Amino acid sequence: MPNPPAPVTPLKLAICTFLSQSRESVLKLIDHNRKIGADHIFLFFDYPEEADFPEIADFDDVTIVACDDTFWNSCPGGRSDVLIKRNEFALLKGYQMATAAGCDFAALIDGDELLYAKGNLIQAIRKHAEAADILRLYPYEAILVCKDKRDEFSQTHFKALPNRINRAFLRWTYGDTLAISDDGFFGHLSGKAIVRTGLTFKHINVHCPTPETPARTVRIKDVWLLHFDCMNFSSWKRKWALRLNGKAIGTMRDKRKRQFTAIEKAFQDDEIALENLYEAFFVLDFWRVTLGRATGLIRKVNLS
């Protein structure tokens with residue numbers, strides 16, 4: 001008789017994220033990551049007073065880290081004024097904690113990002129695990145269709161990076177947003193990564209971590225990084241207010257800088273100017289969405 005197939009060892013996935021978001025958003029983030037099969041969720045709160053979550057205090061699969069003075073004392077140079085540097089140090093700590101917890105891979109993502117696969121996400125990661133140590137993800141930007149309900153993480157339509165063919169339809173699909181980014185994506189072009197645990201890092205780049213020893217890196221297409229920059233207007237406004245007050249991002253690509261400058265100017269004007277900018281960034285009418293879907297520039301996702 002043939003030997004029975006060897007049992008499949010469970011692949012344990014950790015989610016590591018640095019965030020400052022509403023209570024509702026954090027609870028939705030936890031719920032989604034559980035549904036996709038994450039084994040453990042490490043949440044690093046940039047503002048420690050926001051880390052008080054009695055609703056999840058007893059969850060064995062969630063670790064909350066308040067980034068307070070004690071936390072930053074372990075960081076060379078202490079707490080940086082630059083957001084991305086704080087983010088990178090927190091992700092390094094999260095990665096180390098995921099390794100110590102016995103997880104096999106760690107997704108190093110932001111608090112307004114979710115992982116998505118059309119099938120089973122853990123199986124999709126397992127498929128690439130034999131050939132690669134670092135799985136690079138393509139980004140998909142959430143948009144609003146006309147007057148969609150604007151709850152956090154409720155968006156169902158996402159911009160996809162253009163290719164050589166459908167790039168010709170960008171002007172008709174995205175319209176005025178091209179004044180900010182000529183590919184419709186602002187500065188969010190690099191995506192993030194899912195990284196095999198046990199590698200050694202002195203520093204983690206938020207987009208593509210580079211370990212001290214050579215590692216196999218691949219771009220994968222069957223796991224998507226859904227980025228919910230729009231959330232809703234109040235959450236978006238709060239996020240950017242914190243970034244502007246906290247010196248935001250250090251060195252920025254030109255497209256990201258144009259977005260940053262436009263938001264900074266709108267804050268200096270008035271609430272109407274800021275809301276108009278939000279609408280220009282994220283709201284597309286029905287015919288533009290229809291064209292975008294027909295040309296592959298916009299994808300629809302059902303997270304439920």
Side-chain angles (χ1 to χ4, degrees), residues 10-75 79 83 86-117 120-122 125 137 142 149-155 192-195 197 204 206 223 225-232 234-236 238-239 242 246 301-304:
L11 186 149
K12 295 184 177 181
L13 173 68
I15 305 293
C16 305
T17 184
F18 180 67
L19 72 169
S20 175
Q21 291 173 226
S22 71
R23 185 170 296 264
E24 176 191 12
S25 175
V26 174
L27 292 173
K28 287 184 177 180
L29 182 148
I30 291 170
D31 181 62
H32 174 82
N33 286 323
R34 283 175 160 174
K35 286 178 178 176
I36 63 174
D39 186 73
H40 204 96
I41 304 162
F42 296 92
L43 303 177
F44 291 80
F45 284 84
D46 191 16
Y47 297 90
E49 64 275 10
E50 297 177 351
D52 179 23
F53 267 84
E55 298 96 327
I56 58 177
D58 297 325
F59 290 174
D60 293 335
D61 59 346
V62 180
T63 296
I64 291 179
V65 179
C67 297
D68 53 17
D69 291 342
T70 301
F71 177 82
W72 293 116
N73 285 341
S74 65
C75 176
R79 185 182 190 274
L83 172 64
R86 300 198 302 273
N87 193 350
E88 289 174 340
F89 181 74
L91 291 180
L92 175 62
K93 288 294 185 182
Y95 178 80
Q96 293 168 347
M97 292 169 72
T99 298
C103 295
D104 300 300
F105 279 84
L108 309 179
I109 60 179
D110 288 342
D112 59 356
E113 294 172 336
L114 301 178
L115 300 181
Y116 169 78
N120 183 290
L121 183 129
I122 300 300
I125 295 173
L137 308 177
K149 187 177 181 182
R150 302 181 185 190
D151 295 333
E152 297 182 348
F153 291 125
S154 66
Q155 291 76 26
K192 299 291 170 57
I194 302 173
V195 185
T197 56
I204 280 187
V206 294
V223 178
L225 181 76
L226 304 182
H227 182 216
F228 293 81
D229 196 23
C230 52
M231 290 293 193
N232 56 45
S234 60
S235 295
W236 180 81
R238 177 182 177 276
K239 180 178 80 171
L242 289 171
V301 170
N302 184 0
L303 289 178
S304 64

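The residues of the chain are indexed from 1 along the displayed sequence. In this text, all values refer to a predicted model and were calculated from it rather than measured experimentally.
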S.K.: Of all heavy-atom pairs between F71 and A66, which one has the smallest distance, and what is that distance?
M.R.: CB-O, 3.9 Å
S.K.: Out of curiosity, I194 CD1 to C16 SG, how far, rounded to the nearest 0.5 Å?
M.R.: 11.0 Å
S.K.: Is it true that a side-chain atom of Q155 and a backbone atom of M231 form a donor plus acceptor pair closer than 3.5 Å?
M.R.: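 Yes, the answer is positive, given that a donor and an acceptor are paired below the 3.5 Å cut-off.
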S.K.: Check salt bridge (charged side-chain N to carboxylate O under 4.0 Å, His left out) between K239 and all other residues, then give those that pass, not counting sequence neighbours.
M.R.: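 Once residues adjacent in sequence are excluded, the partners of K239 under the salt bridge (charged side-chain N to carboxylate O under 4.0 Å, His left out) criterion are D112, D229.
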S.K.: Might you point out which heavy atoms bring C67 and F18 nearest each other, and give the distance in Å?
M.R.: SG-CE1, 4.0 Å
S.K.: Do I30 and I15 come within less than 4.5 Å of each other through their side chains, counting heavy atoms only?
M.R.: no
S.K.: Identify, with sequence neighbours excluded, every residue that meets salt bridge (charged side-chain N to carboxylate O under 4.0 Å, His left out) alongside E88.
M.R.: none
S.K.: Go through the structure and list residues passing ring-ring contact (aromatic ring centres under 6.0 Å, His included) with F105, not counting sequence neighbours.
M.R.: none
S.K.: Any pair with a residue in residues 63-73 that passes side chain to side chain donor-acceptor pair (under 3.5 Å), sequence neighbours left out, goes on the list, sorted by first then second residue, please.
M.R.: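 Qualifying pairs, neighbours excluded: H40-T63.
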S.K.: Holding to ring-ring contact (aromatic ring centres under 6.0 Å, His included), I want the full list of residues that pass it with F59, two or more places apart in sequence or in another chain.
M.R.: none
S.K.: Listing request: all salt bridge (Lys or Arg N to Asp or Glu O under 4.0 Å) pairs with a residue in residues 99-111, at least two apart in sequence or in separate chains.
M.R.: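 Output for this query lists D110-K192.
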S.K.: Between atom CG of L114 and atom CG of L303, what is the distance when rounded to the nearest 0.5 Å?
M.R.: 6.5 Å
S.K.: For the atom pair SG (C230) and CZ (R150), what is the distance rounded to the nearest 0.5 Å?
M.R.: 9.0 Å
S.K.: Quick one: do L115 and L225 satisfy side-chain contact (heavy atoms from CB on, under 4.5 Å)? Show the steps, please.
M.R.: CA-CA 5 Å; L115 300 181; L225 181 76; 4.2 Å; yes
S.K.: Closest approach of A107 and L13, non-hydrogen atoms and distance?
M.R.: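 Shortest heavy-atom contact: N-CD1, 4.1 Å.
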S.K.: Any chance you could measure H32, atom NE2, to L226, atom CG, to the nearest 0.5 Å?
M.R.: 7.0 Å
S.K.: Please enumerate all residues that pass side-chain contact (heavy atoms from CB on, under 4.5 Å) together with R238, with sequence neighbours excluded.
M.R.: S20, E50, L242
S.K.: Mind checking what makes side-chain contact (heavy atoms from CB on, under 4.5 Å) contact with L19, not counting sequence neighbours?
M.R.: T17, Q21, V26, L43, F45
S.K.: According to ring-ring contact (aromatic ring centres under 6.0 Å, His included), who are the partners of F228, at least two apart in sequence or on a separate chain?
M.R.: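 Here the qualifying residues are F153, F158.
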S.K.: Using side-chain heavy atoms (C-beta onward) and a distance below 4.5 Å, is I204 in contact with V195?
M.R.: no
S.K.: Which residue pairs pass the salt bridge (Lys or Arg N to Asp or Glu O under 4.0 Å) test with at least one member in residues 31-48, sequence neighbours excluded?
M.R.: D31-K35, R34-D61, D46-R79, D46-R86
S.K.: Please tabulate, for side-chain N and O atoms in residues 89-99, each donor-acceptor pair with protein atoms closer than 3.5 Å (sequence neighbours left out).
M.R.:
from : atom 1 : to   : atom 2 : distance (Å)
Y95  : OH     : R196 : O      : 2.5
Y95  : OH     : G198 : N      : 3.2
Y95  : OH     : L199 : N      : 2.9
T99  : OG1    : Y95  : O      : 3.1
T99  : OG1    : G198 : N      : 3.3

S.K.: With sequence neighbours excluded, what pairs up with D151 under the salt bridge (charged side-chain N to carboxylate O under 4.0 Å, His left out) test?
M.R.: K149
